[in-house]
Visitor: 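There's a structure below that I have some questions on.
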Protein chains: 2
Amino acid sequence: MAVCELISDAGLDAVTVARTARSAGMSVGLVQHYFRTKDEMLLHAFTYVSARIRDRVDELIRTGIRHRKPISGLLAEAMAQLVPMDETRRTEFRVTRAFAGRSLDAPALADVDVRTARKLRDDIAQAIHNGKECGEVAPELDPWLAATRLAAITEGLAMQVYRDPGGVNGVPAADMSDSIIKNELATVFTGECHQYGRRVAGSA
Amino acid sequence: MAVCELISDAGLDAVTVARTARSAGMSVGLVQHYFRTKDEMLLHAFTYVSARIRDRVDELIRTGIRHRKPISGLLAEAMAQLVPMDETRRTEFRVTRAFAGRSLDAPALADVDVRTARKLRDDIAQAIHNGKECGEVAPELDPWLAATRLAAITEGLAMQVYRDPGGVNGVPAADMSDSIIKNELATVFTGECHQYGRRVAGSA
DNA sequence: GTTTATACCGTATGCTGGTATGGTTATCAA
DNA sequence: TTGATAACCATACCAGCATACGGTATAAAC
């Protein structure tokens, strides 16, 4: 979508139907033909990027399962996908963040926001649940608490990395991010996997 | 500030000089008298709320020190201040988030954003450093890594709690938040404090 | 008592942007 | 051939908004 590029390098406020049309190489009328209103267009763009990111993560997990990787490793990769460590993810981050800001007073956008966030958290919880069944996670651990914590770390880390891509004290942000995610996962996935073939996340 | 109220319950886009003026009980002309431009006004509002939150945290820490509380407890309280658990904090959260969204393409706002975030993280690092000197923290622990993690958890938790104030699975968000913060701090502050009288954070 | 500065107001102006409208072309079914 | 639906365009219209401007009032300063 052309809207996303626009948002990413000019900001959501810079998005006008006219500009969007030009950037997409079409006329204003055509944009109107597809979206009855501007809000509709923005909503579409938001759901679109959200879905795209999710698809990438899901794909990552699916192939991971196929290769019989441990769940903790899969989660690490998945979480890293949401941290803006390269240009692609940085662009995505900018877009989602812009929408997140507007979500505060646009119910339709807010809905997409909570839905995606919720799905991420629930999938993590599911992964933890599966981890229990295969021995990677201690049985007495609360999956929802841990999932919330992991979701929070991911989202928070994303912001830290975005603000200081160079990292702190000479250590690159990407390295810090990786090690933090790893450590955080290590407090949840404390055992070895001894059973395979389960689904990790509820990727419907 | 009247701007903040407006932002909180109508969104940043709903902020016009005219509306702001009316909401503050004055004329458009007077607003112009104080702020040459609208952006100037918004910038002022952003720095204002940021400073207010910080002041509250600083005050909390200062009295905590006076009462000789352990550093980990102070940090827990401080971090909780940034999580929208009551109406006040929820309002603040909405305002700061709205600005954070616009920060993506407004250098002046972005500056305030990174400055406040950076300050929080550095203060946490300082607290950890102090924790080492008084025995609460293991000497080999990397302060910057831990500080980044704690800052990330705080910010991420804030979003989780904002989206699901009711919590997950029957557990109130506030309770989850508290326990997550506590656990997270427990991995850093592993010892007992045996020495008093140090500053916790660099509250200048 | 006149100047200067500050607090304060109402309105005019110019522009930008969303949407409405009235069109053209093209495809395809009846 | 006709009719209908969809892809596609240019522009007109109108509202909302930031900013400019020209003003009044109060009061301290000289």
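So that the names make sense, note that chain A is the first sequence line, chain B the second, and so on, each numbered from 1.
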Visitor: Quick one: do the A:S50 and A:R115 side chains pair a donor with an acceptor below 3.5 Å?
Guide: no

Visitor: Under 4.0 Å between a side-chain nitrogen and a carboxylate oxygen: does that hold for A:E59 and A:R62?
Guide: yes

Visitor: Judged by modelled atom types alone, do B:Q81 and B:R56 share a side-chain donor-acceptor pair under 3.5 Å?
Guide: yes

Visitor: Output yes when A:R102 and A:D13 qualify as a salt bridge under the 4.0 Å nitrogen-oxygen rule, no when they do not.
Guide: yes

Visitor: Would you mind checking if B:D55 and B:R52 are paired as a salt bridge, meaning a charged N to carboxylate O distance below 4.0 Å?
Guide: no

Visitor: Would B:D58 and B:R54 pass as an ion pair if we require N to O under 4.0 Å?
Guide: yes

Visitor: Kindly give the atom pairs (protein nitrogen or oxygen, nucleotide nitrogen or oxygen) under 3.5 Å for nucleotides 13-17 of chain D.
Guide:
residue, atom, partner, partner atom, Å
D:dC17, OP1, B:R19, NH2, 3.0

Visitor: Summarise protein proximity over nucleotides 4-9 of chain C in one line of letters, 5' to 3': B for base, S for sugar-phosphate only, - for none, counting protein heavy atoms closer than 4.0 Å.
Guide: --SBBB

Visitor: Under a 4.0 Å N-O cut-off, is there an ion pair linking B:K119 with B:D122?
Guide: no

